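Below, each value reflects all heavy atoms present in this structure, side chains not excepted, and no hydrogens, waters or symmetry copies. On a predicted model such as this, the values are computed, not experimentally measured, just so you know.
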Amino acid sequence: MRRTLVVIAFFVLLLGMWEALVRTKIWSPVLVPSPLSVARYIKDGLQSGDLEHASFVTMRRLLIGYVLGLVFGLPLGLLTARFKSCEDTLGVIALGLQTLPSVCWVPLALLWFGQTEAAMLFVVVMGTLWSVVIATDNGVRTVPPIFARAARTMGSKQLHTWIKVIVPASLPFIVSGMKQGWAFAWRSLMAAEIYVTILSGFGLGSLLNYGRELQAMDQVIGIMLIIIVIGLLADKILFSPWERFLYRRWGTAKN
Amino acid sequence: MMAVHEELQNVPPEKLVVEGVSKWFRTRRAAVHALDNVSLTIHEGEFVCLVGPSGCGKSTLLNIIAGLEIPDSGQVLADGKPVLGPGRERMMMFQESALFPWLDVMDNVLFGLKLKPNLKRKERREVAKYYLHLVGLEKFMAASIHELSGGMKQRVALARALAPNPRVLLMDEPFAALDALTREQLYGDIQRIWQERKKTIVFVTHNVREAACLGNRVVLFSPHPGRIQEKFQIDLPRPRDINSVDLAKYSSEIMSALKRHLNSELAEVAG
């Protein structure tokens, strides 16, 4: 109860200071809009359906790309952990490409796919894939060998051991890799949307960029807030169940 | 007279036969001779303790019996058939519990049962419950592994090893990491379960007193290379108490034998 009050008081104070600063008219209202005008922009955007639509376009790109990244990343990570030949080839590529900021894929994606959804997906997949590969590989390598030995004495064979022991044992690493992949995908998608106009749909990044072009600061800040909220919600919806599971089973720290 | 005595003996069948097993571990720097031509016969229903200082190859022998490691020469026969890999007939229990943290207690016990054919879901659960009851943890079925104490973990590991109903239980210093009080409770439990379930147990330990308390037979190993030095028959009634005076006689006998072998080895090295 007390904690909630502190939180409410803090944010009310923050908004109040923002409003007060705007009223002093030190800065032009074009550069620093009042919280009320930002709220009005969000309200109008929601009523006209523009914001919902843009959020939907962005979320669809992100989710499809992210799921593709996971679908390819997990098995590749298992392969690089299992086979020396995969480690020396795919593993090296994964390590190299993971260091590449995923925004750097945007020019290539545009040349290959043009201003299409495919380009956007490609950027998100590249942002997700490599960190998932590396986290999975890493997780598998840190599984105590005793788990596999114990499973073998109970009659578990190759594939069964992998699916029932090695993969679940590396789950803490895989989940943190998924989180990192998510963060990379989110960032790269926003960057791509901001500086590429994709005719098949305007995402939040595009709206943010129009805000700049129209010098509509209320729009810029409003979209930024929505991007933050989506990021927070995704974290809660996608990862909280996993983290709760890890906390319950492994006794790891709760975030 | 001797012939009659032997004739009247009720000798149980040979369960495990270790025949001239040798094992080397080669690292980049050196080759360690872990086991040198070790032979040992273990009968059905026996409780045999392998004891010796670290590096004497007792754990290696246990892994070879389990089928987790392959000997460089010699072989192990289980029920007359050579051991070629791990098998459900010979279950292993490790020093660390090796329980799976992503499964709850029940699912850990079920893991081996699910790999056993011809068991229905309900039957598996019933069997698992039976063994959890046997180790006194039926109330902790839904608990996570990290919530259990060290002793409870080893009890769950014991239930998990017993659940597929192996004839042989291989135990690699399973109580070494526990506190003395918990260990004493488990000495009682393991003796009771051994008698109730009529298993053949091979138990590895470096604790001489523990070996004397649990084993019908104690096999003393010496290191560099790993060899069997001496075998002791422990004729004491069950259940045995680790603190009993009778037991102390046996353990001091084994202890002095151990020291003798170590000293002669040192003398050999010095000479």
Turns out that what part of B:Gln95 lies under 4.5 Å from chain A's heavy atoms comes down to neither

Okay, A:Lys164 and chain B: the region with an atom under 4.5 Å from a heavy atom over there is both

Quick one: are the ring centres of B:Phe111 and A:His160 less than 6.0 Å apart? yes

Comparing B:Ile145, B:Leu115, B:Asn63 against chain A, the one with the most heavy-atom pairs below 4.5 Å turns out to be B:Leu115

OH (A:Tyr247) and NE2 (B:His146) are apart, to the nearest 0.5 Å, by 7.5 Å

Rounded to the nearest 0.5 angstrom, the CH2-CH2 distance for A:Trp250 and B:Trp102 is 6.5 Å

To the nearest 0.5 Å, atom CG of B:Asp104 lies from atom CZ of A:Arg248 at 8.5 Å

Between the OG atom in A:Ser156 and the CZ atom in B:Arg88, the distance rounded to the nearest 0.5 Å is 10.0 Å

So, the part of B:Leu113 with a heavy atom under 4.5 Å from chain A: the answer is neither

Q | Atom CH2 of B:Trp24: over 12 foreign heavy atoms under 6.0 Å | A | yes

Query raised in the report: Should we count CZ of A:Phe56 as having more than 12 external heavy atoms under 6.0 Å?
Result: no

OG1 of A:Thr153 to CD of B:Glu89, rounded to nearest 0.5 Å, is 13.0 Å

* Under 6.0 Å from the CZ atom of B:Arg121, do we count more than 12 heavy atoms belonging to anything else shown? -> no

Looking at B:Glu196, I want to see if its CD is surrounded by more than 12 non-hydrogen atoms of other residues, nucleotides or ligands under 6.0 Å. yes

Stepwise side chain to side chain contact (heavy atoms under 4.5 Å, CB included) check, A:Met154 with B:Arg160: CA-CA 9 Å; A:Met154 288 186 274; B:Arg160 180 172 78 167; 3.7 Å; yes

Quiz item: Is there side-chain contact between B:Pro101 and A:Arg249, with heavy atoms separated by less than 4.5 Å?
Solution: no

Heavy-atom closest pair (A:Phe147 atom, B:Leu99 atom, distance to 0.1 Å) is CE2-O, 3.2 Å

(message) Are more than 12 heavy atoms, taken from residues, nucleotides or ligands other than A:Phe113, located less than 6.0 Å from that residue's CZ atom?
(response) yes

- request: Please say whether more than 12 non-hydrogen atoms of neighbouring residues, nucleotides or ligands are located less than 6.0 Å from CZ in A:Arg187.
  value: no

Under 4.5 Å to a heavy atom of chain A? For B:Leu170 that would be neither

Just wondering, more than 12 heavy atoms not from A:Trp162 lying within 6.0 Å of its CH2?
yes

